[in-house]
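See below for the structure under consideration.
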Amino acid sequence: LVNARLQTSDPDIFAGGDCIELRHLITGDTFYLPMGSMANRQGRVIGTNLAGGTAQFEGALGSFVVKLFDRSVAGAGLTLPSALERGYDAMSALIVQPDRAHFYPTKESMTLELVFEKGTRRILGIQGFGGAGDAMVGRVNAVAAMLKFKPTLEDLSNLEMAYSPPFSSAMDILNSLGNMADNLLAGRNTVVGPDGFEALWAKGNGNGSSPYFLDCREEPDARQLLQCLGEERWHNIPQGSIRQRCAEIPRDKQVVVVCNTGARSYEALVTLHDAGFQDVVSIQGGMTALTNYGSAP
């Protein structure tokens, strides 16, 4: 255990690196993070103080990134389970979006999950999954840099990011993520994640109590699942045609809408709500998230 100057219980003995616990910048708890990046930064603090300075090491957020063959996983701050475990009234928003402009030939989808506190709208953490490039970890690092300042969803929705089609979308994925979280809190969107989809898919096993699964992609995209699952369990109405074909959708069942990434299913949900449907949920991250999670039907 050390103080902010990295002194132990003996003020003449300093410690850093893998043999100390750090203060978590969100929770204030102590935790263990044996990272080479931490050790080097702490070494400078210790060296400065040994030479008569007054440097301090504030703490850490647990930021990490791991390369898994041709994929990568990164995160900073709290996950949803860890936030709930520590008593935060938290929820999360999950989004899938290209790492650059949708028309750019080398685009690659990335998945980000934002953890935030409901009442204060404070951002508590972010996690990401994507390709082996640095686009996804760059977004995680951008949020990590904000976390100690207690940012809110508005800070993320309006975060200024450098834009050019080879590097990002005109509406950057971080801005979209903040907007999506705002939609969830405002009740404009009702979602379930891949684990929630699994529970819904198992519900009723295709009998009368099953939800109505509505694939709102264009027919060529939905065709394979329609052939595999049959039209009794899987239904396809493209998002742009839903308003004209509402009569085909039962009003006495829960409607579960899904698309490739969750963007069109949100639009479909808004259309169905406007048409008087009460029980509609959208799949966060769409088929991309379901496939990555391993829960695609």
Side-chain angles (χ1 to χ4, degrees), residues 1-68 72-92 112-130 134-156 158-162 174 177-178 181:
L1 290 174
V2 293
N3 62 18
R5 298 188 68 222
L6 301 182
Q7 292 170 299
T8 64
S9 57
D10 185 328
D12 292 326
I13 299 177
F14 292 76
D18 295 3
C19 60
I20 68 170
E21 288 189 332
L22 306 172
R23 184 177 74 89
H24 199 287
L25 291 176
I26 294 178
T27 67
D29 299 333
T30 57
F31 76 120
Y32 186 53
L33 189 65
M35 303 280 284
S37 58
M38 294 287 134
N40 276 271
R41 290 162 53 202
Q42 293 155 13
R44 179 180 174 89
V45 171
I46 292 171
T48 298
N49 291 333
L50 287 173
T54 57
Q56 294 192 351
F57 190 85
E58 293 180 292
L61 293 159
S63 302
F64 74 92
V65 61
V66 180
K67 185 176 182 297
L68 305 169
S72 56
V73 179
L78 301 180
T79 63
L80 182 58
S82 65
L84 294 173
E85 182 181 333
R86 285 162 175 79
Y88 289 95
D89 184 17
M91 64 186 299
S92 69
L112 294 178
E113 182 174 22
L114 187 75
V115 182
F116 53 94
E117 192 173 29
K118 295 179 184 178
T120 65
R121 303 170 68 87
R122 179 188 173 187
I123 297 170
L124 301 173
I126 186 170
Q127 295 82 46
F129 175 74
D134 55 7
M136 183 273 295
V137 70
R139 300 320 197 280
V140 170
N141 282 337
V143 175
M146 303 166 63
L147 285 178
K148 73 174 184 177
F149 302 108
K150 299 183 178 181
T152 65
L153 297 180
E154 286 73 20
D155 295 317
L156 193 62
N158 294 301
L159 183 67
E160 183 177 357
M161 303 288 288
L174 288 182
L177 187 56

Report task. Could you tell me whether the side chain of I13 reaches within less than 4.5 Å of the side chain of Q7, counting heavy atoms only? Result -> no
Query raised in the report: CG/L50 to CZ/R5 distance, rounded to the nearest 0.5 angstrom?
Result: 9.0 Å
Report task. Taking the side chain as every heavy atom from C-beta outward, state whether M161 and R139 have any pair of such atoms under 4.5 Å apart. Result -> yes
Report summary line: Note: A74 and V140 closest approach over all heavy atoms is CB-CG2, 4.1 Å
Query raised in the report: What do you reckon, is CG of D134 surrounded by more than 12 foreign heavy atoms closer than 6.0 Å?
Result: no
Query raised in the report: Does a side-chain heavy-atom distance below 4.5 Å link F116 with L153?
Result: yes
**Report entry** N/O donor-acceptor pair under 3.5 Å between N49 side chain and A55 backbone
**Finding:** yes
Query raised in the report: How about T120 and E117: does a side-chain donor come under 3.5 Å of a side-chain acceptor?
Result: yes
Report summary line: Residues A90 and L84: closest non-hydrogen pair is O-CD2, 3.6 Å
Query raised in the report: CG/L33 to CE/M38 distance, rounded to the nearest 0.5 angstrom?
Result: 5.0 Å
Query raised in the report: Does a side-chain heavy-atom distance below 4.5 Å link Q127 with L112?
Result: no
Report task. Check whether more than 12 heavy atoms from other residues, nucleotides or ligands sit under 6.0 Å from atom CG of L68, and answer yes or no. Result -> yes
Report task. First locate atom CG of L124, then atom CG of L78, and finally report the distance between them rounded to the nearest 0.5 Å. Result -> 5.5 Å
Query raised in the report: Counting only heavy atoms not in K150, do more than 12 fall under 6.0 Å of its NZ?
Result: no
Query raised in the report: Where do G17 and A39 come nearest, in terms of heavy atoms and distance?
Result: CA-CB, 3.7 Å
Query - side chain to side chain contact (heavy atoms under 4.5 Å, CB included) evaluation trace for V2 with F57 - result: CA-CA 10 Å; V2 293; F57 190 85; over 6 Å; no
Report summary line: Scanning both residues in full, the closest heavy-atom pair of L174 with A142 reads CD1-CB, 4.0 Å
**Report entry** Note, L156 side chain near I123 side chain (heavy atom, < 4.5 Å)
**Finding:** yes
Requested in this report: To the nearest 0.5 Å, tell me how far E21 CD sits from D29 CG.
Outcome: 10.5 Å
Query raised in the report: Atom CE in M35, atom CZ in R41: separation rounded to 0.5 Å?
Result: 10.0 Å
Query raised in the report: Is the side chain of Q56 donor-acceptor paired with the backbone N or O of L6 at a distance under 3.5 Å, no angle test?
Result: no
Query - Expected output: side-chain N40 to main-chain S37 donor-acceptor under 3.5 Å - result: no
Query raised in the report: For D18, does its backbone N or O pair with a side-chain atom of Y32 as donor and acceptor, under 3.5 Å?
Result: yes
Query raised in the report: What's the spacing between E154 CD and R121 CZ if we round to 0.5 Å?
Result: 4.0 Å
Requested in this report: Report yes if the side chains of I126 and E113 come closer than 4.5 Å at any heavy-atom pair, otherwise no.
Outcome: no
Query raised in the report: Do T30 and L22 come close enough that some side-chain heavy atom pair is under 4.5 Å?
Result: no
Report task. Take V115 and Y88, measure what side chain to side chain contact (heavy atoms under 4.5 Å, CB included) needs, and give me the verdict at the end. Result -> CA-CA 10 Å; V115 182; Y88 289 95; over 6 Å; no
Report task. For the pair S92 (side chain) and L80 (backbone), establish whether a donor and an acceptor sit closer than 3.5 Å, ignoring hydrogens and angles. Result -> no
**Report entry** T8 vs I20 side-chain heavy atoms within contact, under 4.5 Å
**Finding:** no
Query raised in the report: Is a salt bridge present between R23 and E58, judged by a nitrogen-to-oxygen distance below 4.0 Å?
Result: no
